[in-house]
Enquirer: 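Below is one structure. I have some questions about it.
Heavy-atom basis, side chains included; hydrogens, waters and symmetry copies ignored. In each ligand, atom 1 is the first atom listed, and ligand 1 is the first ligand listed.
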Amino acid sequence: MTHEAVWHHVLEHIRRNITEVEYHTWFERIRPLGIRDGVLELAVPTSFALDWIRKHYAELIQEALSLLGAQAPRFELKVVPGTAVQEDIFHASAKQEAEKPKLNPKYTFENFVVGPNNSMAHAAAVAVAESPGRAYNPLFIYGGVGLGKTHLMHAVGHSVAKRFPHLKIEYVSTETFTNELINAIREDRMAEFRERYRSVDLLLVDDIQFIAGKERTQEEFFHTFNALYEAHKQIILSSDRPPKDIPTLEARLRSRFEWGLITDIQPPDLETRIAILKMNAEQRGLRISEEVLEYIARQVTSNIRELEGALMRTIAYASLNGVELTKQVAAKALSEIFAAREVAVEPEEIIRKVAERYGLRPEDLTGGGRRKEVVLPRQIAMFLVRELTRASLPEIGQLFGGRDHTTVLYAIQKIQELAESDREVQKVLRALREELA
Ligand SMILES: Nc1ncnc2c1ncn2[C@@H]1O[C@H](COP(=O)(O)OP(=O)(O)OP(=O)(O)O)[C@@H](O)[C@H]1O
């Protein structure tokens with residue numbers, strides 16, 4: 001099913017580069033058919049769509065394929081009327097989603113590889129899934145970016161949904177909770193908001209560290225928490241750090257977060273990383289040699305999302321270039337990502353140097369300020385962290401005050417453009433790279 005993985009990555013690239021409306025109109029209806037002799041074959045619903053896509057998006061699709069390592073990126077469009085999606089299907093499915101908990105079907109216990117790094121968190125999650133509201137309440141899972149916190153939370157959700165179909169499950173990111181709260185206040189719908197969150201049996205809240213500094217959200221969450229807790233409803237929270245390290249978290253919330261069980265997830269060891277890659281490959285119906293899996297597992301050590309990305313990239317590279325997947329091919333596929341990042345420099349050091357050059361404090365760059373004087377230096381710092389370290393886009397977002405990865409991506413693209421057109425930026429980048437080397 002390699003072509004599906006390839007198409008998935010192409011879509012991710014496209015989505016970042018066009019508007020949502022364009023994406024829904026043209027790309028959601030395309031289905032990948034396969035890869036033949038390095039050519040990606042795509043089914044489109046009508047000949048009108050075929051012409052339009054060829055005319056307007058061919059370059060973007062090719063660009064995405066070359067980012068995946070295709071040396072001669074090629075694709076072919078075919079009209080397959082069955083791929084048409086009725087206009088209102090989007091709306092119908094959106095409605096259904098709102099009612100069902102938004103759980104990723106892939107994030108189940110069966111798909112979760114247990115290793116020494118996550119066995120405690122896994123055992124706690126299983127215990128909670130078996131008797132929600134009774135085992136550990138709240139269950140607080142913390143750990144670095146891309147280590148499986150969301151996966152475990154969703155796994156509990158799936159398991160509870162299966163065992164206790166009558167229970168109401170709600171998964172929400174802290175960002176969404178905050179936005180919904182703001183909207184409810186603005187639209188005078190607070191009673192409805194409260195009812196929604198206080199009537200659930202299992203509440204899963206992701207990235208609770210983002211509640212830091214948001215007084216009103218903390219206040220509201222405090223009451224939601226109490227209502228659920230008192231009614232013996234289960235709460236699971238995830239965070240990138242333990243409660244005691246979340247700044248400006250009200251003491252009463254902190255102590256509540258500590259009432260149940262706090263458990264962490266550490267980066268996986270080599271064996272666990274290989275096992276995760278193996279499972280991923282098997283799920284896609286692919287047989288990949290141990291040697292190749294180990295090679296990939298040795299390249300990416302601290303983020304499972306990136307580990308999976310590296311596997312995908314390798315598979316895509318081999319199939320788009322029509323070659324067998326060997327260790328040498330894997331090395332080639334990954335060389336671009338890892339070669340440029342072998343300089344041993346810490347992100348904090350980069351931030352410090354960039355701040356110094358612009359006469360700012362490091363906190364100015366990592367803080368929330370949007371003054372003109374800090375925006376460009378911050379973007380430069382993000383760009384250099386990406387270039388000189390192994391930090392992923394979400395990790396960089398975290399370093400810079402919990403910004404979204406799309407903001408980081410935008411910053412990087414911006415500096416890439418300026419690095420070609422603006423002499424001042426070229427000079428600064430050259431000087432900083434020298435200082436940091
Ligand atoms: N133990 C595991 N076994 C199999 N897959 C895993 C495991 N841990 C993580 N993954 C996979 O790694 C990817 C990232 O996991 P997830 O999104 O749960 O991380 P996270 O810790 O919530 O990250 P973030 O801090 O960005 O929210 C997912 O695709 C997930 O399925």
Side-chain angles (χ1 to χ4, degrees), residues 4-5 8-9 12 101-126 129 139-159 171-177 204-212 236-242 245-246 262-284 293 296-297 299-313 315 390-409:
E4 277 163 0
H8 176 77
H9 280 259
E12 274 184 0
K102 294 177 223 98
L103 300 176
N104 185 329
K106 190 194 133 204
Y107 292 176
T108 59
F109 281 129
E110 291 73 36
N111 290 345
F112 190 83
V113 175
V114 184
N117 60 311
N118 58 25
S119 57
M120 265 279 290
H122 173 261
V126 170
L139 174 63
F140 192 103
I141 305 171
Y142 74 90
V145 174
L147 291 183
K149 303 181 293 293
T150 307
H151 187 137
L152 260 191
M153 281 183 134
H154 285 212
V156 176
H158 286 301
S159 172
Y171 165 81
V172 70
S173 68
T174 301
E175 202 185 344
T176 306
F177 183 87
L204 312 167
V205 185
D206 218 344
D207 290 323
I208 195 73
Q209 76 274 7
F210 291 133
I211 207 168
I236 308 184
L237 306 166
S238 90
S239 166
D240 67 350
R241 63 197 82 177
D245 293 341
I246 302 179
I262 301 180
T263 178
D264 68 334
I265 301 188
Q266 293 292 324
D269 59 15
L270 180 68
E271 285 73 20
T272 312
R273 298 201 300 279
I274 295 176
I276 291 173
L277 289 177
K278 206 173 204 167
M279 190 193 67
N280 256 281
E282 276 166 13
Q283 280 171 348
R284 295 186 164 81
L293 294 179
I296 300 171
Q299 302 301 308
V300 190
T301 54
S302 66
N303 182 329
I304 298 172
R305 192 176 297 117
E306 290 210 337
L307 184 69
E308 292 177 341
L311 174 69
M312 282 299 94
R313 190 183 164 89
I315 296 170
R390 289 192 170 196
S392 64
L393 297 178
E395 280 166 345
I396 300 174
Q398 297 277 1
L399 275 167
F400 287 83
R403 288 180 159 79
D404 194 76
H405 73 277
T406 51
T407 311
V408 179
L409 191 71

Enquirer: Any idea which protein heavy atom is nearest atom 26 (O) of ligand 1, and the distance to it?
Expert: Arg305 NH2, 3.0 Å
Enquirer: Can you pull out the closest protein heavy atom to atom 30 (C) of ligand 1? Residue, atom name and distance to 0.1 Å, please.
Expert: His151 ND1, 3.4 Å
Enquirer: Among protein heavy atoms, which lies nearest atom 27 (O) of ligand 1, and at what distance?
Expert: Thr150 OG1, 3.7 Å
Enquirer: Report yes if the side chains of Tyr142 and Asp245 come closer than 4.5 Å at any heavy-atom pair, otherwise no.
Expert: no
Enquirer: Do any nitrogen or oxygen atoms of Pro394 come within less than 3.5 Å of a nitrogen or oxygen of ligand 1?
Expert: no
Enquirer: For ligand 1, is Gly144 a contact, meaning one of its heavy atoms is under 4.0 Å away?
Expert: yes
Enquirer: Yes or no: does Asp240 have any heavy atom under 4.0 Å from an atom of ligand 1?
Expert: no
Enquirer: Give the numbers and elements of all ligand 1 atoms closer than 4.0 Å to a heavy atom of Tyr107.
Expert: 17 (O), 28 (C), 29 (O), 30 (C), 31 (O)
Enquirer: Can you confirm, on distance only, whether ligand 1 has an N/O atom lying under 3.5 Å from any N/O atom belonging to Val113?
Expert: yes
Enquirer: Starting from atom 29 (O) of ligand 1, which protein heavy atom do you reach first, and at what distance in Å?
Expert: Glu308 OE1, 2.8 Å
Enquirer: Using non-hydrogen atoms of the residue, decide whether Gly146 is closer than 4.0 angstrom to ligand 1.
Expert: yes
Enquirer: Should one rank Asp206, Ile304, Leu307 by closest heavy-atom distance to atom 6 (C) of ligand 1, which comes out on top?
Expert: Ile304
Enquirer: Give me the nearest non-hydrogen protein atom to atom 19 (O) of ligand 1 as residue plus atom name, then the distance to 0.1 Å.
Expert: Gly148 N, 3.1 Å
Enquirer: Using the rule ring-ring contact (aromatic ring centres under 6.0 Å, His included), only one of His158, His154, His122 pairs with Phe109; which is it?
Expert: His122
Enquirer: Which of the atoms in ligand 1, numbered in the order shown and given with their element, are less than 4.0 Å from a heavy-atom of Lys106?
Expert: 29 (O), 31 (O)
Enquirer: Is there a heavy atom in Gln398 that sits closer than 4.0 Å to ligand 1?
Expert: no
Enquirer: Counting N and O atoms only, with roles assigned by atom type, does the side chain of Arg273 sit under 3.5 Å from a partner on the main chain of Val300, one being a donor and the other an acceptor?
Expert: yes
Enquirer: Apply the salt bridge (Lys or Arg N to Asp or Glu O under 4.0 Å) test between Glu308 and each candidate in Arg284, Lys278, Lys106; give the one that qualifies.
Expert: Lys106
